[in-house]
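Notes follow once the structure below has been shown.
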2 protein chains.
Amino acid sequence: MAHALPVSPLARPLPELGVIRGVRLGAAEAGIRYKGRTDLVLAEFTPGTTVAGVFTQTKCAGAPVDWCRSVLPHGQAGALVVNAGNANVFTGRAGRETCEATAETAAKLAGCSLDAVYLASTGVIGAILPHERITNALPALHTALSETGWEAAARGIMTTDTFPKAAVRTATLNGTTVTIQGIAKGSGMIAPDMATMLAFVATDAALPAPVLQSLLSADVKTTFNCITVDSDTSTSDMVLLFATGAAQNPPVAAEIDALNDAALADFRAALKAVLHDLALLVIRDGEGATKLMNIRVTGAVSDASAWRVGMAIGNSPLVKTAVAGEDANWGRVVMAVGKCGEPADRDTLSVSIGGVCIARDGTVVADYDETPVVAHMKGQEIDIAVDLGLGTGSAQVWSCDLTHGYIDINGSYRS
Amino acid sequence: MAHALPVSPLARPLPELGVIRGVRLGAAEAGIRYKGRTDLVLAEFTPGTTVAGVFTQTKCAGAPVDWCRSVLPHGQAGALVVNAGNANVFTGRAGRETCEATAETAAKLAGCSLDAVYLASTGVIGAILPHERITNALPALHTALSETGWEAAARGIMTTDTFPKAAVRTATLNGTTVTIQGIAKGSGMIAPDMATMLAFVATDAALPAPVLQSLLSADVKTTFNCITVDSDTSTSDMVLLFATGAAQNPPVAAEIDALNDAALADFRAALKAVLHDLALLVIRDGEGATKLMNIRVTGAVSDASAWRVGMAIGNSPLVKTAVAGEDANWGRVVMAVGKCGEPADRDTLSVSIGGVCIARDGTVVADYDETPVVAHMKGQEIDIAVDLGLGTGSAQVWSCDLTHGYIDINGSYRS
């Protein structure tokens, strides 16, 4: 998009961002596709920084995703390079060469090994990404890196995003206060099913890579993997989590049961809050979004089944257009439940909107008064709750409405 | 929609409709939801008429779908009642009572048994359908039935449809010329996955119900089950096929291998053509549609896999908005292939638009000239071909673009 989009009505201001000791970062104008804005981000991590990552499950992943997957087993991070405007996807050998050239330049600047460099690209699919634009811009960018470069980085990774996205939390880990801070971008092609779009989170905690990976993989499931803007899963999705160890908390064993050990509970809660914040910010900047949908599914035969029902509701164009039109058309929620192939029984199904139970036991409730529901639909946050009446499985999913803005943005994205 | 929608730019005029001996039909204004237009259709079939049907696979089927499923095993049809404006879905006991009262009235008028009455309803989900509006209107409608009532019936079943849909073919069956004629409606909540929306087809051929069912089930798979407007599967989908026997062709054994017997080949080809015509007409009237997408998938590991890849492309909001914007954004086709979970290998994938091979072996073809593709995108029919390079599975899927019109129609459907 050459012209600037209006800021999403669901936007949130940036939180007060701190520093993560051991991380220096910044952004520059590399002229990759956009004019007059930053589009290249570099972060440098202190030696010993560990890393965890989750990636798109697409069969057509971009070259940077392939690169990150191949280096992740080493578990060490020295640098991260992200560009916006060109996704370096479906670019064959040229795409791989761009990754190699970028990583070589970044490794040299950061003084780390090649397999400690992480790469991410976002933007148009199928266009060759000339690596010179990146490698030529990196040295000056490296010189300007700063511990306070987080906002610049959050802005530098934007594509059709209308506001920068960041989240921060602190936690106590083995008696030491640590900070977790992250940035993310959206905002179309968002349906991260088993992976996610671009988000980068760092902490000054000292944590072994396997522990970091356990925590990240678990919590992405209920945060980034529970959001959808348009059901279209990107070829570039990734979340990377870096732990610099600069907080110098007492060591955490790599063999710990990361998801159940009490020593990690507070850290995990804070990490999950950061991931949740970032995921919701992505929905709040969903292309064309004017309403945030909170979809709660209970009574399913399993959590996985509840998730699929929730995603069917969150992805339904008819539900999303009804929400856009402020129409409490709950029949479309019933339709979405019915179509998705998960166990459901029309006659045990109940549907609530805005906390008002509308339908139960296969029909509308007696004396249903639409007035409070109509009022709820006029708000910015729409709560839809479905109980399937079959079991104890539950899930929470977040989506946004489908509006003219989405059509405007995506009918002319490349032009 | 209280106001009339503009006619789809993809509309086709009605073909010259004939009569199907043994079928009399017509439409009336029952005032179910719409004002000033017909919304109730009655068809009466000659004694001995056989019937086949396929129905929505949703878990939240409407009461008329339940009714038809329960009577279909009898294989005989005497009457069909269809109303538009109210789908009689998620209406509990009241919905069942409406079906019973409607069927009783229709059976009495047509002089047939209760289990020879077929019912279909289309429109808003979750609103009680007062059966008196139907049962009060049926006697006068019955008096006015005519062999030439097909166009009236095609119009009487419309909801957000902008033009009536019909198809007709003749075939030779055991030396006798028979006619197959059908009508259908769309035009949102169209993703018939293993079933279909409302379509009614009749023939004067004499065919046993099991033979009819074999043919219908097989050919729906490659016609109605290969179209999608918006990925939302209706709670009311059905296709019914009636065979009056009035052509008096020599008998066909019920035990025949319907899909492979040479005597049925011509009939089957004609039936498939009628189903194909009707399915494409539904896409041509997809809500807000301005472009018809022909999606051809080859080289998949199986036909079923090819179908799922095709539907992923046809359902992708990003592909559909790109088509609406006349943007040859083939990267989004790659994205849709990658996300759908079917076996695919980026490095053996090729993509063509308008017959021009754009990408092959994991990257854009050398010297790709977008000019002819840009010209193709300006047309009304957009051909997208994907070869996965893995096997011999193939499928053809039809979809339409996603435009402001879809948002307009569905943001205010109930109001």
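Each chain gets a letter, A, B and so on, in the order its sequence line appears, and its residues count up from 1.
- Between I125(B) and M335(A) there is a side-chain heavy-atom pair separated by less than 4.5 Å.
- Put simply, the residue from N410(A), D232(A), T235(A) that forms a side chain to side chain contact (heavy atoms under 4.5 Å, CB included) with R332(B) is N410(A).
- Proximity to chain B is limited to the backbone of T403(A), based on heavy atoms less than 4.5 angstrom apart.
- Taking a cutoff of 4.0 Å between a charged side-chain nitrogen and a carboxylate oxygen, K59(B) and D345(A) do not qualify as a salt bridge.
- Looking only at distances, no side-chain donor or acceptor of R346(A) sits under 3.5 Å from a matching main-chain atom of F90(B).
- Most heavy-atom pairs under 4.5 Å with chain A: of the set V364(B), V334(B), V337(B), this distinction falls to V334(B).
- There is no contact between A336(A) and chain B, counting heavy-atom distances below 4.5 Å.
- Among D347(B), D361(B), L349(B), V319(B), the residue making the largest number of heavy-atom pairs under 4.5 Å with chain A is L349(B).
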Test side-chain contact (heavy atoms from CB on, under 4.5 Å) applied to Y406(B) and I407(A), step by step = CA-CA 10 Å; Y406(B) 185 86; I407(A) 310 277; 6.0 Å; no

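- With a 4.5 Å cut-off on non-hydrogen atoms, A324(B) does not touch chain A at all.
- With respect to chain A, the highest number of heavy-atom pairs below 4.5 Å among P317(B), A127(B), G331(B), G325(B) belongs to P317(B).
- Chosen from S316(A), C340(A), A94(A), the residue pairing most often with chain B at heavy-atom distances under 4.5 Å is S316(A).
- Note on N315(B), D401(B), V89(B), L318(B): by heavy-atom pairs under 4.5 Å with chain A, the leading option is L318(B).
- No part of I358(A) comes within reach of chain B, as not one of its non-hydrogen atoms sits under 4.5 angstrom from that chain.
- Counting non-hydrogen atoms of other residues, nucleotides and ligands closer than 6.0 Å to CZ of R93(A) gives a total of 12 or fewer.
- Taking the side chain as every heavy atom from C-beta outward, I128(A) and T363(B) approach each other to under 4.5 Å.
- Aromatic ring orientation, H404(B) versus H404(A): tilted (interplanar angle from 30° to 60°).
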K339(B) vs S231(A), side-chain contact (heavy atoms from CB on, under 4.5 Å): CA-CA, chis, key distance, verdict = CA-CA 9 Å; K339(B) 78 169 179 173; S231(A) 81; 3.8 Å; yes

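- Here G92(B) is the residue among G341(B), A87(B), G92(B) with the most heavy-atom pairs under 4.5 Å with chain A.
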